[in-house]
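Encoded as structure tokens, the structure appears first; notes follow it.
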Amino acid sequence: MAILCDFKGKDKRQVIRQVLTRIDQLIADNITQYNDCFLALEILSENRDLKDLIKEEAHMLSEIKLENLPSYEIAFERGEARGEAKVEAKIVQKMLTLFEDNKIHEITDIDLSVIKNIRKKCTPPL
């Protein structure tokens, strides 16, 4: 509703940027609610002929660093975990011919069930 208020001589672009920034601060973690608010802002902006400014400012604000996004951090952590799992698997594979599963677990602290699964995959069927 802020878009319908009197801007009291303030620059339209600045007001729109403040409104968009505030929406982002309040509900950026809820994409559905964010989209609903942005749609309402677009609809209400039609009454003041601000649609193009809204589009420009939204585009400008969307050009952010990907590494600051929570989804980027989550993907990075998952990738890091996958990398760790690959390294663990290689270590276990090299130790399989030398030690029993319990000893590999003692040495590496890798979960015993992980070690057993790797052994199953590496041992040819009889």
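Note: hydrogens, waters and symmetry copies are ignored here, and every other heavy atom, side chains too, is used.
- Criterion: ILVMFWY side-chain heavy atoms under 4.5 Å apart, direct or through other members. Under it, I107 and V114 are part of a common hydrophobic cluster.
- Residues V19 and R22 fail the side-chain proximity criterion, which asks for heavy atoms closer than 4.5 Å.
- To the nearest 0.5 Å, the span separating NZ on K12 from CG on D52 amounts to 11.5 Å.
- The two residues V92 and I110 come nearest to each other via the heavy atoms CG2-CD1, 3.7 Å.
- When side chains are defined from C-beta on, I91 counts as touching T108, because their heavy atoms get closer than 4.5 Å.
- At a threshold of 4.5 Å between non-hydrogen side-chain atoms, the residues I118 and L96 count as touching.
- To the nearest 0.5 Å, atom CD1 of residue I104 and atom CD of residue E88 are 12.0 Å apart.
- Every residue two or more places apart in sequence or in another chain that forms a side chain to side chain contact (heavy atoms under 4.5 Å, CB included) with D11 is listed here: R13, Q14.
- Sparse packing is recorded around CD of E100, with 12 or fewer heavy atoms of other residues, nucleotides or ligands lying under 6.0 Å away.
- Taken together through direct or relayed side-chain contacts under 4.5 Å among Ile, Leu, Val, Met, Phe, Trp and Tyr, F99 and V87 form part of one hydrophobic cluster.
- Going from atom NZ of K10 over to atom CD1 of I16 covers 13.5 Å, rounded to the nearest 0.5 Å.
- One finds the CG atom of D101 at 11.5 Å from the CD atom of E106 (value rounded to the nearest 0.5 Å).
- When hydrophobic clusters are built by joining Ile, Leu, Val, Met, Phe, Trp and Tyr residues whose side-chain heavy atoms come closer than 4.5 Å, directly or via intermediates, I23 is grouped together with L26.
- Within the model, atoms CD1 of I115 and NZ of K120 stand 13.5 Å from one another, a figure rounded to the nearest 0.5 Å.
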